[in-house]
Structures are given as C-alpha cells and as structure tokens.
Amino acid sequence: MSNKVILVVLDGLEYNTAAQCMGFLHALKEQGKATLYKLQCELPSMSRPLYETILTGTLPIQSGIVHNHVVRNSTQTSVFSLARENSLTTAAAAYHWFSELYNCAPYDAARDRYTEAPEQLIQYGCFYHQDHYPDSHLYLDAEWLRRKYDPDFLLVHPMNIDDAGHRAGFDSAHYRNTARHSDMSLSYHLPEWIAAGYQILITADHGMNSDKSHGGTLPEERDIPLFVIGERFSHQTDCSPAQTEICGVVCELLGIQNHAKPVANGLLCEGLSEQLSYKGAA
C-alpha cells in the first residue's frame with residue numbers, strides 16, 4: 001500500500017526544546033494522533049551531512065558529505081532518487097543545500113530558487129538561501145507546492161530555529177520562542193495534511209549547544225525529536241528508531257520495494273514492511 005508522505009525537518013531543534021515548546025504537536029500527542037520519539041543524530045552533528053543521512057540512510061563518513069562546505073550532488077540513492085525510479089512525484093520547500101545535494105550544484109538562485117523540472121530528482125521546489133527566511137513563509141511555500149503539484153513525497157525544511165540557536169544559544173528565550181513560533185505555524189497546516197491522509201514525520205537534523213553552535217557530541221547537540229502522525233505508524237512507545245532509518249521508513253510508506261534501506265523495527269504498523277517485502281519477492 002502506498003501513501004503520500006510529508007517529511008518536516010526542523011533545522012537545529014534540540015529534543016528537550018521540542019518536548020517543552022512545541023505545544024500544538026504535543027496537543028496532537030495527547031489526543032493520540034502523534035507519537036514522539038527521541039533520536040540521536042549521527043556525527044558530525046552538522047546540517048549538510050545530516051540532510052544526506054536523513055534522505056539516504058547513510059552515515060556522513062560513508063556518503064562523504066562530512067561538513068557543510070562539501071558542495072556537490074549526492075552519490076547515494078535517496079528518497080528522491082528512489083521515488084523518481086518508481087514514477088512518484090517529488091517536491092521540496094527547503095534550504096538551497098538540498099537543491100545542491102539532489103538537483104544542481106552549485107546553487108544558482110536565479111535558476112534554482114523556483115524549480116519546475118520534471119526531469120530532476122526534486123521535481124518541484126521553492127528553495128531559499130538566507131537563514132532568517134521566515135518559517136511562516138516557508139510553510140506557505142510548502143503548502144503551495146502541495147496544492148499545485150500534489151507530490152507523493154514533500155520535504156519541508158524551515159531554518160529559523162537553527163538561526164536563533166546560532167544567535168542566542170539553545171538555552172535562551174529567543175531559541176525557545178522561535179521553536180514555539182514554528183510550532184504555531186505548523187498548527188495552520190497540519191490539520192489539513194492530517195485530514196487529507198498524509199503520513200507525516202517531523203524531526204530535526206541536529207540540536208544546539210550553549211556556545212551557539214553544534215557539530216560535536218554533547219547530548220544537546222545530538223538528541224533530537226521525531227514526531228510521527230498517521231495511521232500507518234504503530235505509535236508504539238517502546239520503539240527506538242535511528243536517524244539512519246528515516247529514509248527507509250519513508251520508502252516503506254511510499255510503497256517503494258527493494259529499496260535496501262534500514263527501517264526502524266516497530267515504527268510502522270505490523271505487516272507493512274512484510275507486505276512490501278512479499279510483493280517485492282512475488
């Protein structure tokens with residue numbers, strides 16, 4: 001069974017901040033519509049390497065995207081490439097590094113900011129290149145893409161939480177309030193996405209430290225949230241997913257067979273992975 005999937009990556013959102021400040025997401029959790037898991041991000045705890053980890057299921061040391069200044073296309077199979085191989089439609093409202101990883105590198109704003117290119121891995125995109133680009137605008141970009149192109153897989157990637165952490169540190173009112181504002185922006189769109197039957201994952205690439213940075217091994221740099229919303233998830237609280245398993249989970253939800261990506265045991269409804277494996281062997 002295939003499902004349309006929305007993956008939201010809240011850049012720089014540390015787990016405890018998500019647990020304390022994302023009021024709407026926790027309202028969904030209290031209503032039994034969402035489940036929150038704690039993940040540990042891979043190393044180095046930096047953005048571009050972990051974008052690649054989330055979308056390909058590979059460690060930075062394996063992908064070669066080991067710092068933020070590696071500007072080239074990914075060499076790994078990704079959710080985007082697997083979706084296109086299976087004739088699924090892809091879209092992204094995201095920071096321009098995603099365009100560089102999966103479409104064109106280096107990024108040319110005049111060419112790439114608004115992408116409508118069916119031949120690309122990310123076929124339809126609204127990309128931005130300033131860290132303070134408002135999350136509220138980014139969510140509207142994502143919703144416009146959803147309504148216009150009806151993608152099977154939509155990536156949504158706001159940057160303001162990370163930007164606030166670099167300006168004020170994770171233990172600051174500015175960082176926490178920015179997380180609250182992003183949660184409020186999500187509250188405008190999530191009810192419609194849920195009503196439309198999307199399977200939704202909301203996570204982060206990495207956290208943030210009190211030095212206004214990240215990249216190391218501190219818990220506040222590595223501990224990140226994963227909220228899951230939708231009837232295809234098991235919502236078992238004893239599940240312990242890994243960041244490298246997000247890619248495989250998305251592939252399973254999209255109905256992609258033989259993707260060879262690791263999948264979090266217990267995160268999906270019992271029988272979904274087995275059903276897809278059986279169909280692939282038939």
(message) Please identify which of these residues, E14, H166, E221, E220, meets the side chain to side chain donor-acceptor pair (under 3.5 Å) condition with H214.
(response) H166
(request) Only one of T77, T244, T56 passes side chain to side chain donor-acceptor pair (under 3.5 Å) with K261; say which it is. (result) T77
(request) Assess whether side chain to side chain contact (heavy atoms under 4.5 Å, CB included) is satisfied between T178 and Y175, documenting all intermediate values. (result) CA-CA 5 Å; T178 303; Y175 180 73; 5.9 Å; no
Is there a side-chain contact between [X] and [Y], using heavy atoms and a 4.5 Å cut-off?
| X | Y | answer |
| --- | --- | --- |
| D205 | C41 | no |
| L88 | F153 | no |
| L138 | N160 | no |
| L254 | K4 | no |
| I202 | V9 | no |
| I6 | L201 | no |
| I200 | I194 | yes |
| R167 | H174 | yes |

Using 0.5 Å steps for rounding, measure from the [atom1] atom of [X] to the [atom2] atom of [Y].
| X | Y | atom1 | atom2 | answer |
| --- | --- | --- | --- | --- |
| L145 | Y114 | CG | OH | 10.0 Å |
| S2 | Q199 | OG | CD | 11.0 Å |
| L13 | F227 | CG | CZ | 7.5 Å |
| L101 | S74 | CG | OG | 6.5 Å |
| R111 | N103 | CZ | CG | 9.5 Å |
| L226 | T35 | CG | OG1 | 9.5 Å |

Checking the side chain of [X] only, and the main-chain atoms of [Y] only, is there a donor and an acceptor separated by less than 3.5 Å?
| X | Y | value |
| --- | --- | --- |
| N73 | E100 | yes |
| T90 | L121 | yes |
| N3 | L253 | yes |
| T58 | T53 | no |
| N177 | A173 | yes |
| D152 | T89 | yes |
| H157 | H96 | no |

(message) Name the residue from Y51, Y102, F98 that meets the ring pair (Phe, Tyr, Trp, His ring centres under 6.0 Å) definition with F80.
(response) Y102
(request) Apply side-chain hydrogen bond (donor to acceptor under 3.5 Å, both in side chains) to the pair D135 and S182, showing each step before the final yes or no. (result) CA-CA 6 Å; D135 284 2; S182 197; 3.2 Å; yes
(message) Apply side chain to side chain contact (heavy atoms under 4.5 Å, CB included) to residues V249 and F233 and explain how you reach the verdict.
(response) CA-CA 10 Å; V249 167; F233 295 102; 4.2 Å; yes
Applying the 4.5 Å side-chain criterion to the ILVMFWY set and letting contacts propagate, would [X] and [Y] be lumped into a single cluster?
| X | Y | value |
| --- | --- | --- |
| Y133 | I122 | yes |
| L39 | L7 | yes |
| M46 | I54 | no |
| I246 | L59 | no |
| L50 | I161 | no |

Please report the shortest heavy-atom distance between [X] and [Y], naming the atom on each side.
| X | Y | result |
| --- | --- | --- |
| S63 | T75 | O-OG1, 4.1 Å |
| S185 | H189 | O-CD2, 3.4 Å |
| N68 | S47 | OD1-N, 3.3 Å |
| P225 | L36 | CB-CD1, 3.7 Å |
| V156 | A142 | CG2-CB, 3.7 Å |
| C239 | G266 | SG-C, 3.8 Å |

Do [Y] and [X] meet the salt-bridge criterion of a basic N to acidic O distance under 4.0 Å?
| X | Y | value |
| --- | --- | --- |
| D150 | R146 | no |
| R48 | E52 | no |
| D108 | R113 | no |
| K148 | E143 | no |

(request) Would you please test T115 and Q123 for side chain to side chain contact (heavy atoms under 4.5 Å, CB included) and show each step? (result) CA-CA 7 Å; T115 293; Q123 296 173 291; over 6 Å; no
(request) Could you list the residues that satisfy salt bridge (Lys or Arg N to Asp or Glu O under 4.0 Å) with D171, not counting sequence neighbours? (result) R176
(request) Compute the ring centroids of Y107 and H129, then answer whether they are less than 6.0 Å apart. (result) yes
(request) Would you please indicate if the ring centroids of Y128 and H137 are separated by under 6.0 Å? (result) no
(request) Go through the steps for Q76 and Q62 under the test side chain to side chain contact (heavy atoms under 4.5 Å, CB included), then give the verdict. (result) CA-CA 9 Å; Q76 309 297 308; Q62 296 169 331; 5.8 Å; no
(request) State which residues pass ring pair (Phe, Tyr, Trp, His ring centres under 6.0 Å) with Y37; sequence neighbours excluded, sorted by chain then number. (result) none
(request) With K38 as the cation and Y15 as the aromatic partner, state whether NZ or CZ is under 6.0 Å from the six-membered ring centre and within 45° of the axis. (result) yes
Would you list the atom pairs, donor with acceptor, under 3.5 Å between side chains in residues 20-33 and any protein atom, with sequence neighbours excluded?
{"from": "H26", "atom 1": "NE2", "to": "A18", "atom 2": "O", "distance (Å)": "3.1"}
{"from": "H26", "atom 1": "NE2", "to": "A19", "atom 2": "O", "distance (Å)": "3.3"}

(request) Could you walk me through whether S187 and D183 pass the side-chain hydrogen bond (donor to acceptor under 3.5 Å, both in side chains) test, one step at a time? (result) CA-CA 6 Å; S187 73; D183 175 77; over 6 Å; no
